[in-house]
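Sequential numbering from 1 along the given sequence is applied to the chain's residues.
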Amino acid sequence: VTITAAHTFDAYATYQVRACADTNASNVGAITESNESNNCGPWKKIELVAACTTSGSSCSASNACNYTTGTYDASCTCSATVPPVPPTFGEVCPSIPATNICGMSGTGTILCNGTCSAVTPPDTLCLPTVTLSADPTRVRKNTSTKLTWKSSAATSCSLTGQNGFSSTALSGTAIDSTSLDAQTTFTLTCSNAYGSKSASVLVNLIPAYIEQ
């Protein structure tokens, strides 16, 4: 004998159901039997899901580089698969050529086509570099200090200070200044085809005390 019955579930979810015979609302056999424990079958799992309203419509799977198209099946699963990307995609890479004329380099990442996004910095960024120091930076009146300076990527330099001190050397080490009779700022300016950079150093006088 086949018996069918209908039941409306409250929500889409997973349920456990089983069929029982010869039982009443209290799950007690209506017919007296020697074994009242075998009136029900095993529990069965039923998973209720909504029907796919987009079945057959187009869908896609994508990544940072590309995408593929497909269609939804009855369970709303898309047939499209994620396309591959270059194995080194996103990795850090250096600029090619590696550096500009003053040794500056660039970095980037591997793109979807396998090339590097890094660009070599333009040569216009290659301003000179300059450093300038004085030793000592405090001197007695009418004495001198020693100046040391250097530059890189420069084609010309000018170092000036008090009492007519000047030099056009690209570098110098422990060069005596003129005799100083006041607080003095020495300024070094170096240039090339792309511009100029400057550096300064201040030399103070040690106060002189006169006993009364």
Side-chain angles (χ1 to χ4, degrees), residues 1-131 152-154 192-197:
V1 176
T2 300
I3 299 175
T4 60
H7 179 78
T8 301
F9 293 92
D10 296 331
Y12 297 114
T14 299
Y15 299 89
Q16 295 285 344
V17 298
R18 66 177 179 173
C20 295
D22 186 26
T23 60
N24 55 24
S26 300
N27 203 30
V28 177
I31 301 174
T32 303
E33 301 177 79
S34 59
N35 184 0
E36 294 288 355
S37 64
N38 61 357
N39 292 333
C40 295
W43 290 100
K44 298 290 186 180
K45 182 173 75 172
I46 295 178
E47 185 176 0
L48 298 183
V49 296
C52 182
T53 58
T54 57
S55 178
S57 61
S58 63
C59 58
S60 65
S62 62
N63 54 34
C65 291
N66 212 332
Y67 71 94
T68 58
T69 60
T71 56
Y72 287 110
D73 61 19
S75 64
C76 283
T77 300
C78 182
S79 63
T81 57
V82 178
V85 297
T88 57
F89 173 73
E91 292 184 5
V92 176
C93 54
S95 55
I96 299 175
T99 61
N100 59 15
I101 63 170
C102 56
M104 300 169 65
S105 61
T107 58
T109 56
I110 300 297
L111 302 176
C112 293
N113 61 3
T115 64
C116 181
S117 66
V119 296
T120 304
D123 292 340
T124 52
L125 296 178
C126 296
L127 294 175
T129 61
V130 293
T131 60
S152 65
N192 63 15
Y194 306 110
S196 61
K197 279 288 188 70

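For the atom pair Y194 OH and L127 CG, the distance stands at 10.0 Å (nearest 0.5 Å). Summarising the geometry, atom OG1 belonging to T109 is positioned 5.5 Å from atom CG belonging to L111; distances are rounded to the nearest 0.5 Å. The line from CZ of F89 to CG of N113 is 10.0 Å long, rounded to the nearest 0.5 Å. Here the NZ-CZ distance, from K44 to R18, works out to 12.5 Å after rounding to the nearest 0.5 Å. Taking OG1 of T68 as the start and CG of N66 as the end, the distance is 8.0 Å to the nearest 0.5 Å.
Using a 4.5 Å cut-off on side-chain heavy atoms (C-beta onward), C65 and P86 make contact.
By the neighbour-count criterion of 12 heavy atoms within 6.0 Å, atom OH of Y12 is sparsely surrounded, having that number or fewer from other residues, nucleotides or ligands. Within a 6.0 Å radius of OH in Y67, other residues, nucleotides and ligands contribute 12 heavy atoms or fewer.
Nearest heavy atoms, C93 versus A118: O-CB, 3.8 Å. Nearest approach of L125 to P121, heavy atoms of both residues: CD1-CB, 4.0 Å. Heavy atoms only, all atoms of each residue included: T77 and D73 are closest at N-OD1, 2.9 Å. Across all their heavy atoms, A80 and C59 have their closest contact at CB-O, 4.4 Å. Minimum interatomic distance between N192 and A154 (heavy atoms only, all atoms of both residues): CB-CA, 4.4 Å. Closest non-hydrogen pair, A11 versus L48, comes out as O-CD1, 4.1 Å.
The side chain to side chain contact (heavy atoms under 4.5 Å, CB included) test with S95 is passed by exactly one of T107, T120, V119: T120. When each of S105, P122, C126 is checked for a side chain to side chain contact (heavy atoms under 4.5 Å, CB included) with N100, only C126 meets the rule.
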Original post:
Do K45 and T14 pass the side-chain contact (heavy atoms from CB on, under 4.5 Å) test, and can you show the C-alpha distance, the side-chain angles, and the key distance before you say yes or no?
Top reply: CA-CA 7 Å; K45 182 173 75 172; T14 299; 3.4 Å; yes
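The backbone N or O of P83 sits less than 3.5 Å from a side-chain atom of N63, completing a donor-acceptor pair.
For the residue pair S62/S60, the side-chain donor-acceptor check at 3.5 Å is not satisfied.
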